[in-house]
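Here is the naming used below: chain letters follow the sequence lines, and residue numbers restart at 1 for every chain.
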Amino acid sequence: GAGVSQSPSNKVTEKGKDVELRCDPISGHTALYWYRQRLGQGLEFLIYFQGNSAPDKSGLPSDRFSAERTGESVSTLTIQRTQQEDSAVYLCASQPGRGKPYGQYFGPGTRLTVT
Amino acid sequence: QKEVEQDPGPLSVPEGAIVSLNCTYSNSAFQYFMWYRQYSRKGPELLMYTYSSGNKEDGRFTAQVDKSSKYISLFIRDSQPSDSATYLCAMTGWGNEKLTFGTGTRLTIIP
């Protein structure tokens, strides 16, 4: 079946512009996660959705970052007034439900470059 | 100090060798331990998971957890060039949803 998909795969933007990143989870997966991976670094948790609510948004680095999810499907991560330090790969993962933390399936990521 | 420490490498070994990858952690609340493999420009792929201390084997891969030392390992036997990738350890606690990752170890298997 189809895995997690993300779009765009690459995004180059100028400093100060807003960007929107999209994640399509595996159908039926109720949990959705956003992570950020800077060059040479591990994955950094940003936000977790269960359905369309976000019980844990503790990883969002500033109020320039926001995310929403429509029901149990598509999620968008929005970064306003982008800065060069926002350059990273943004990864989305989905999971069938609660209780199995090892069941996260990752998309290929969106590579964001802020010039 | 980071919650999870992992040697970034790079690590190069000849084909057929046994590979040992390791992570240490500081948060005693971590209960679930995972290893992910990430090929270049791809998302991480789950390889192994273990709950609490002990060993788990799956084909050429063995995961070990020593909670008393806060130390986890992944062993790859009979390594193949296709095993060349970045290996990330990840962990989480009971009732927690987010994963805390190590920085990843870049592994190259030389034919």
Side-chain angles (χ1 to χ4, degrees), chain A residues 2-10 21 23-26 29-51 53-60 67 88-111, chain B residues 1-10 21-27 29-52 56 58 61 63 65 72 74 85-106:
Chain A
V4 177
S5 62
Q6 293 186 245
S7 60
S9 55
N10 283 283
L21 313 179
C23 172
D24 283 88
I26 294 171
H29 282 195
T30 60
L32 186 147
Y33 306 78
W34 284 98
Y35 293 87
R36 176 170 71 178
Q37 187 174 30
R38 289 185 164 133
L39 189 64
Q41 303 291 316
L43 278 69
E44 174 190 6
F45 169 80
L46 297 178
I47 188 169
Y48 154 60
F49 285 94
Q50 183 63 37
S53 66
D56 188 350
K57 49 179 87 171
S58 62
L60 293 178
V89 176
Y90 289 82
L91 288 154
C92 172
S94 71
Q95 181 173 299
R98 303 185 105 159
K100 290 188 177 181
Y102 47 82
Q104 294 189 21
Y105 296 82
F106 283 83
T110 293
R111 185 172 298 270
Chain B
Q1 183 188 3
K2 293 180 181 178
E3 277 192 294
V4 180
E5 299 278 357
Q6 184 176 10
D7 186 339
L21 304 167
N22 312 292
C23 289
T24 59
Y25 63 96
S26 58
N27 189 341
F30 288 146
Q31 298 279 348
Y32 296 91
F33 304 90
M34 286 138 271
W35 286 95
Y36 282 82
R37 178 174 62 195
Q38 186 175 24
Y39 291 114
S40 182
R41 306 229 168 209
K42 301 286 188 183
E45 168 196 13
L46 179 67
L47 272 180
M48 301 277 292
Y49 74 89
T50 51
Y51 169 66
S52 197
K56 186 171 184 178
D58 184 1
F61 298 89
V65 174
I72 69 171
L74 178 71
T86 296
Y87 289 79
L88 299 138
C89 63
M91 47 199 79
T92 189
W94 180 262
N96 202 347
E97 304 292 340
K98 66 184 182 185
L99 298 178
T100 301
F101 283 83
T103 54
T105 299
R106 188 172 176 182

query: Are the side chain of A:Tyr35 and the backbone of B:Leu99 linked by a donor-acceptor contact shorter than 3.5 Å?
result: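 Checked: pair present.
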
Per-residue contact mode, [X] against chain A (heavy atom under 4.5 angstrom):
X	value
B:Pro44	both
B:Arg41	both
B:Glu45	neither

Portion of [X] that has a non-hydrogen atom of chain B nearer than 4.5 angstrom:
X	result
A:Leu91	side chain
A:Arg38	neither
A:Glu44	neither

- request: Could you tell me which residues satisfy ring-ring contact (aromatic ring centres under 6.0 Å, His included) with B:Tyr39, sequence neighbours excluded, listed by chain and number?
  value: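 Partners of B:Tyr39 under the ring-ring contact (aromatic ring centres under 6.0 Å, His included) test: none.
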
task: Using a 4.5 Å cut-off on heavy atoms from C-beta on, say whether the side chain of A:Phe106 contacts that of B:Gln38.
output: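 B:Gln38 does not reach A:Phe106 side chain to side chain.
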
message: Contact between A:Ser58 and B:Lys98 at the side-chain level, heavy atoms closer than 4.5 Å - yes or no?
response: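 In short, these two side chains touch, coming nearer than 4.5 Å.
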
query: Is B:Lys56 atom NZ crowded by more than 12 heavy atoms from other residues, nucleotides or ligands, each under 6.0 Å away?
result: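 Atom NZ in B:Lys56 is crowded, with more than 12 foreign heavy atoms closer than 6.0 Å.
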
message: Within the supplied structure, the quantity of interest is the number of heavy atoms (other residues, nucleotides, ligands) at a distance under 6.0 Å from A:Tyr105 OH; does it exceed 12?
response: no

message: If I take atom CD from residue A:Gln37 and atom CZ from residue B:Phe101, how far apart are they, to the nearest 0.5 angstrom?
response: 8.5 Å

